[in-house]
**Q** 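This is the structure, below, for whatever I ask next.
Residue numbers begin at 1 in each chain, while the letters A, B, ... track the order of the sequences. Side chains are part of it too, since the values below use all heavy atoms of this structure and drop only hydrogens, waters and symmetry mates.
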2 protein chains.
Amino acid sequence: MTAGGSTPDRDLPIAEMGVVQSAGSSSPIPEATLARLPVYMRSLVEMADEGISTVSSRQLADLAGVNAAKVRKDLSHLGAHGKRGVGYDVDRLLAEIGGALGGSLTPVVIVGAGNLGRALSRYDGFMAGGFPVVAVVDSDRSLEGREISGVSITHVDHMDGVVRATGSRLGIVATPAHAAQEAVDRLVAAGLRSILNFAPAVVSVPPGVQLRKVDLATELQILGYYEHVRTSSEAPEQAVG
Amino acid sequence: MTAGGSTPDRDLPIAEMGVVQSAGSSSPIPEATLARLPVYMRSLVEMADEGISTVSSRQLADLAGVNAAKVRKDLSHLGAHGKRGVGYDVDRLLAEIGGALGGSLTPVVIVGAGNLGRALSRYDGFMAGGFPVVAVVDSDRSLEGREISGVSITHVDHMDGVVRATGSRLGIVATPAHAAQEAVDRLVAAGLRSILNFAPAVVSVPPGVQLRKVDLATELQILGYYEHVRTSSEAPEQAVG
DNA sequence: ATGCGCTTGTGCGCTCGATCACAGGTCACC
DNA sequence: GGTGACCTGTGATCGAGCGCACAAGCGCAT
């Protein structure tokens, strides 16, 4: 592929991060499906709690706010076999989704004990989802030793030891933008391969490391755009009286 | 359901929410582009601070971590005209992106003063991005009057008045899952048309209301999947020494 | 036992976004 | 003034995901 010296507009390579290839063992679940599985899971847990044992794609679709065909196609990726004319077994479905997503507990380390870091450390949803926060590190030595919901803050210089001692497998970056790249680098150096970045900064990771981004300000700006468009187009009609 | 006799798999209608149609006045910027504009903006601000006055699509692409062609196509949606052979004028580009995204300040109201709500209220990135948090409401009366970074908490029953008094245009839902739908309903009733939901729940809104979702637990579960896949495929080689 | 209604699983066409490649325009330098 | 290096804007191609529609399967009522 254009090996020689041509390539007019070649741009930067950019480590592909669409779908992790890894050793394709069992299931290459598409990203879009992956993002919906947790939503299905929550609905299924509720149903299980209510004693419901069977669910149709349509019911699940309503609860999850998506299309029924999409639900079926999503579940087909799990090798989940529902019964035609009946539906899916709630418990079995829960087990299958749970199995696909990793099942057991996955410990998390959070970098940055500022507003956001502290809030995330205390966020019940993580623990409930099987992601206990087992470590919090920060670059501020004055925070060292302070406790957040049972976890004491460690200095970032000791990250390697903390990650090893706690068995952390997922890293969350909740630092200011200017510290994000270093935080990520340190997490990678400590052996982590999956990182969630909350800092409003573009960071790069070596190939093989999964990096996802949650950009709070950007989300608001997107909403702001629609709000802006709406008000702009409504303004002319506003002054009626 | 299944009222009529036809429509084999008709499923629910689901209020379209792909691209807001509104009165298509000036620019139907695609979602994907929209999500990148704030990233470009941050890079451009940095460049402007450094006194750089011109930028090529390639440079901007490097800073934003994307493809140069994508940058050009994105910017073309703004009617942004760079000079061939030269690049884009940084200041002008900033003005154009800012204009497209809404420009001026857009006040935000946050529902839910728990861990997450408080953290978001204090999040500098919002203010910096032009989204000052002007109101925080909660259903817990014991929090009433307490201050968070200059804003005092109001009871949710007074939401209408607070929204009107503060001129809030964007709503953020940071409640527990079970309270999310009601929070959204109240925001809509108060006249807001753009809502960002942090609660891990599926909520529905009437047509014409923009609803975006940030699902923290889901993000972790997606990472957990990749981590799971990776470790599963590496496990066989693990037991050596 | 048999028919009928309900539900799954999936092939198909469509839309959207990403990337490539190139023609057209601009500037600097000689 | 001419030439070459550089950069933008965009048409074309490609792939992913979505929704539809339907054939195949299952269970209940009779």
**Q** Heavy-atom nearest nucleotide on DNA chain D for A:Arg36 versus A:Val86: which residue maps closer to 5'?
**A** A:Arg36

**Q** Salt bridge check: are A:Arg212 and A:Glu31 linked by an N-O gap of less than 4.0 Å?
**A** yes

**Q** Roughly how many Å is it from CG in B:Leu93 to C1' in D:dC7, rounded to a whole number?
**A** 14 Å

**Q** Specify the separation, in whole Å, of atom CZ of B:Arg72 and atom P of C:dG17.
**A** 19 Å

**Q** Does A:Lys73 or A:Lys83 map to a spot on DNA chain D nearer the 5' end, using the closest nucleotide for each?
**A** A:Lys73

**Q** Looking only at side-chain N and O atoms, does A:His81 come under 4.0 Å of OP1 or OP2 in C:dG9?
**A** yes

**Q** Check the distance between C:dT8's C1' and A:Leu78's CG and give it to me in whole angstrom.
**A** 14 Å

**Q** Any salt bridge linking A:Arg42 with B:Asp215? Criterion: basic side-chain nitrogen under 4.0 Å from a carboxylate oxygen.
**A** yes

**Q** Taking A:Arg58 for its side chain and A:Asn67 for its backbone only, find out whether a donor-acceptor pair lies under 3.5 Å.
**A** no

**Q** In this structure, how many angstroms lie between the P atom of D:dG17 and the CG atom of A:Asp74, rounded?
**A** 10 Å

**Q** If I take atom CG in residue B:Leu37 and atom P in nucleotide C:dG17, what distance separates them, rounded to the nearest angstrom?
**A** 13 Å

**Q** Can you tell me how far C1' of D:dA5 sits from CZ of B:Arg58, to the nearest Å?
**A** 15 Å

**Q** Does B:Ser57 make a side-chain N or O approach to OP1 or OP2 of D:dT8 shorter than 4.0 Å?
**A** yes

**Q** Which nucleotide wins on minimum distance to the side chain of B:Ala69, given the candidates D:dG17, C:dT8, C:dC20?
**A** C:dC20

**Q** Roughly how many Å is it from CD in A:Glu31 to P in C:dA18, rounded to a whole number?
**A** 14 Å

**Q** Does A:Ser76 have a side-chain nitrogen or oxygen under 4.0 Å from the phosphate oxygens OP1 or OP2 of C:dG9?
**A** no

**Q** For D:dC26, does either OP1 or OP2 sit under 4.0 Å from a side-chain N or O belonging to A:Tyr88?
**A** no

**Q** Any sub-3.5 Å donor-acceptor pair from B:Glu219's side-chain atoms to A:Val214's backbone N or O?
**A** no

**Q** Any donor-acceptor pair under 3.5 Å joining the side chain of B:Arg84 to the base of C:dT26?
**A** no

**Q** Any donor and acceptor pair, going by atom type alone, linking the side chain of B:Arg230 with main-chain N or O of A:Arg193 inside 3.5 Å?
**A** yes

**Q** Between A:Asp89 (CG) and D:dG27 (P), how many Å, whole number?
**A** 13 Å

**Q** Is any side-chain N or O of B:Asn67 closer than 4.0 Å to OP1 or OP2 of C:dC20?
**A** yes

